[in-house]
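Okay, structure first, notes after.
Each ligand, and each atom within it, is numbered from 1 in the order the structure gives.
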Amino acid sequence: MPSVRFFSGETVPLEMHKVRVVQKLTLPDIDTRLAAITAAGNNTFLLQNRDVFMDMLTDSGVNAMSDRQVAAMMVADDSYAGSATYTRLETRLREIFGMDWILPTHQGRACENILAQVLVTPGSIVPMNYHFTTTKAHIVLNGGRVEEIIHARGLEVTSDEPFKGDMDVAALERLVAEHGAERIAFVRVEAGTNLIGGQPVSLANLREVRAVCDRHGLTLVYDASLMADNLYFLKTREAACRDLSIREITRQIADLCDVIYFSARKLGCARGGAICVRDEALYNRMRGLVPLYEGFLTYGGMSVREIEALTVGLDETMDEDMISQGPQFIAYMVGELDRRGIPVITPAGGLGCHIDVMRFLDHVPQAQYSAGALASALYIASGVRGMERGTLSEQRAPDGTEPLANMELVRLAMPRRVFTLSQVKYAIDRIDWLWQNRRLVGGLTFVEEPEILRFFYGRLAPVSDWQQRLVAQFKADFGDSL
Ligand code: F0G
């Protein structure tokens, strides 16, 4: 997708697709929005989608499909065993990644369950650039632990470092020296790196990680859920990839890995997942778990229609026009917010735009869930639904104390090919309004706090009448309008 420069001088991302099927949206007025977020306990997970104008909660399972994907769904071969639909997926994955052994699953975390059950033993360690919530949960459940060895540059909120997802390779060497290679269950690289803002991993870094794995006989597992964005960043930011096609870059990545798994809710714009394995013996160790947890080996819990859509979606991921739409819209949004002095994670990554709430609401203590408060305030001001990624998403310690998160973020995910640029401009404008009125926003406190995964189900209340004051200011500025 090209960025075009208008005659006026403005540069905008230009969509290389047209909209053929649409879904009606509504924008509830601000009183309705206040009532909806109050009913949802100030937790954006508990909002009803009918009350949401732009759903930027996640990019998972909500990407737009192409006409070719929808057409492929009509010719799916609905059989439990030996489905031609599955053979088509298997052929496509072999062609793209060059790995012979494929296991289908119903989504990304199901791959993680199988990998962890087979590779993680009590006391073992899984070094990785950065954890993802479900990955870590499965490793811990099987008695292992995660060692995050992201490069120090990765945690700097604002920078111009192009590959903030890179692993600290020296730290990986130190871990092996300290614990011995036999304690390392596997090494995991997540690219792009979800929880630090969809930040990419360079091919050069992956090559260095591979060299360490070779020296010590370690298995290298690549989480390709956010690989489409990562491929775009490799093509545009890494000199060694500039003259390679997306297909060639993909193959260079795959050739360095022993296992590639992914959530097809992100990669391939469908719903499902798969594990691709180089080694037949490892495949055989994992195979038995697929019928147990997922479904037979030729569907793995996915509907055949989704498998057809995924097979086409993976092929379309090799098209630079297709994979650049998300990162370019995100770059536009991050650039416009940054230009207004609004604190966001830079450089722009994949997945979405991430607001740095420690700076946005520097007057709200982390213990009052500042990122949760901003997500609530943003919904009130705009009908845009984001996701809290901060202290609220952490778990309270057994002694009741509250571990404060490294970062307080509101993630505004950019589902691929879903929003128009004018909708993105609307979100930017309302965030700007909120930034100008940020002193009106106060904290939240729990009224119902579940013991586990509290961010999904927990209910909170404002610590004061700050929401009423925010609504009054909005009406003063915009009239009684939307
Ligand atoms: N790995 C990464 C990097 C992910 O971002 C996700 C999901 C998973 C694994 C798990 O895949 O959801 O299909 O089971 N991320 C979603 C999100 C949930 O909203 O960022 P899944």
Side-chain angles (χ1 to χ4, degrees), residues 43-45 49 55-63 103-116 126 128-141 146 148 150 154 164-165 167 186 188-201 221-231 233 253 257 259-276 293-294 300-303 306-307 309-310 313-314 326 330 345 349-354 371 375 385-390 392-393 407 409-416 418 453 455-456:
N43 182 344
T44 55
F45 276 100
N49 205 30
D55 190 7
M56 303 185 87
L57 188 72
T58 178
D59 63 335
S60 171
V62 290
N63 298 294
L103 294 167
T105 68
H106 77 276
Q107 64 184 83
R109 68 199 69 184
C111 304
E112 292 166 344
N113 173 37
I114 292 170
L115 282 162
V126 185
M128 56 184 70
N129 49 348
Y130 209 75
H131 81 282
F132 185 67
T133 50
T134 54
T135 328
K136 187 171 174 177
H138 282 295
I139 289 164
V140 170
L141 206 61
V146 163
E148 266 170 5
I150 184 103
K164 281 164 82 175
M167 185 179 277
F186 58 90
R188 174 175 174 275
V189 170
E190 183 182 302
T193 311
N194 187 325
L195 296 184
I196 61 161
Q199 296 293 326
V201 175
V221 175
Y222 187 90
D223 180 343
S225 304
L226 290 165
M227 187 187 201
D229 301 336
N230 208 81
L231 283 167
F233 292 123
I253 292 171
C257 303
V259 175
I260 293 180
Y261 78 91
F262 60 91
S263 167
R265 299 175 65 82
K266 297 182 191 269
L267 185 70
C269 297
R271 291 150 203 89
I275 311 176
C276 310
Y293 290 106
E294 305 302 308
M302 284 181 274
S303 96
E306 292 291 344
I307 298 177
L310 171 58
L314 288 168
I330 294 162
I345 290 193
L351 206 172
C353 165
H354 295 73
R385 161 153 73 170
M387 186 190 286
E388 190 273 357
R389 293 267 95 153
L392 192 56
S393 296
M407 293 185 187
L409 303 175
V410 169
R411 172 178 100 172
L412 299 167
M414 192 74 76
R416 295 162 187 86
V418 168
L453 298 175
F455 65 94
F456 277 137

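- Checking side-chain atoms of Arg271 against main-chain N and O of Gly61 turns up a donor-acceptor pair under 3.5 Å.
- Atom 13 (O) of ligand 1 has Ser263 OG, 2.6 Å as its closest protein atom, hydrogens excluded (heavy atom only).
- Distance from atom 9 (C) of ligand 1 to its nearest protein heavy atom, with residue and atom name: Glu112 OE2, 3.4 Å.
- Among all protein heavy atoms, the one lying closest to atom 6 (C) of ligand 1 is Phe132 CE2, 3.3 Å.
- Glu306 places no side-chain N or O within 3.5 Å of a backbone atom of Ala270 that could act as its donor or acceptor partner.
- With salt bridges taken as basic N to acidic carboxylate O contacts below 4.0 Å, none links Asp223 and Lys266.
- With Asn230 contributing its side chain and Leu226 its backbone, the two residues share no donor-acceptor pair below 3.5 Å.
- Of the protein's heavy atoms, Arg109 NH2, 2.9 Å lies nearest to atom 12 (O) of ligand 1.
- Judged by distance alone, the side chain of Thr193 and the main-chain N or O of Gln199 form a donor-acceptor pair under 3.5 Å.
- Nearest protein heavy-atom neighbour of atom 17 (C) of ligand 1: Lys266 NZ, 3.2 Å.
- Of the N or O atoms in Ser60, none lie within a sub-3.5 Å distance of an N or O in ligand 1.
- For the side chain to side chain contact (heavy atoms under 4.5 Å, CB included) test, residues two or more places apart in sequence or in another chain that qualify with Val418 are Ala64, Pro415.
- Using a 4.0 Å cut-off between heavy atoms, Arg411 contacts ligand 1 through its side chain alone, with no backbone atom that close.
- Atom 3 (C) of ligand 1 has as its closest protein heavy atom Asp223 OD2, 3.4 Å.
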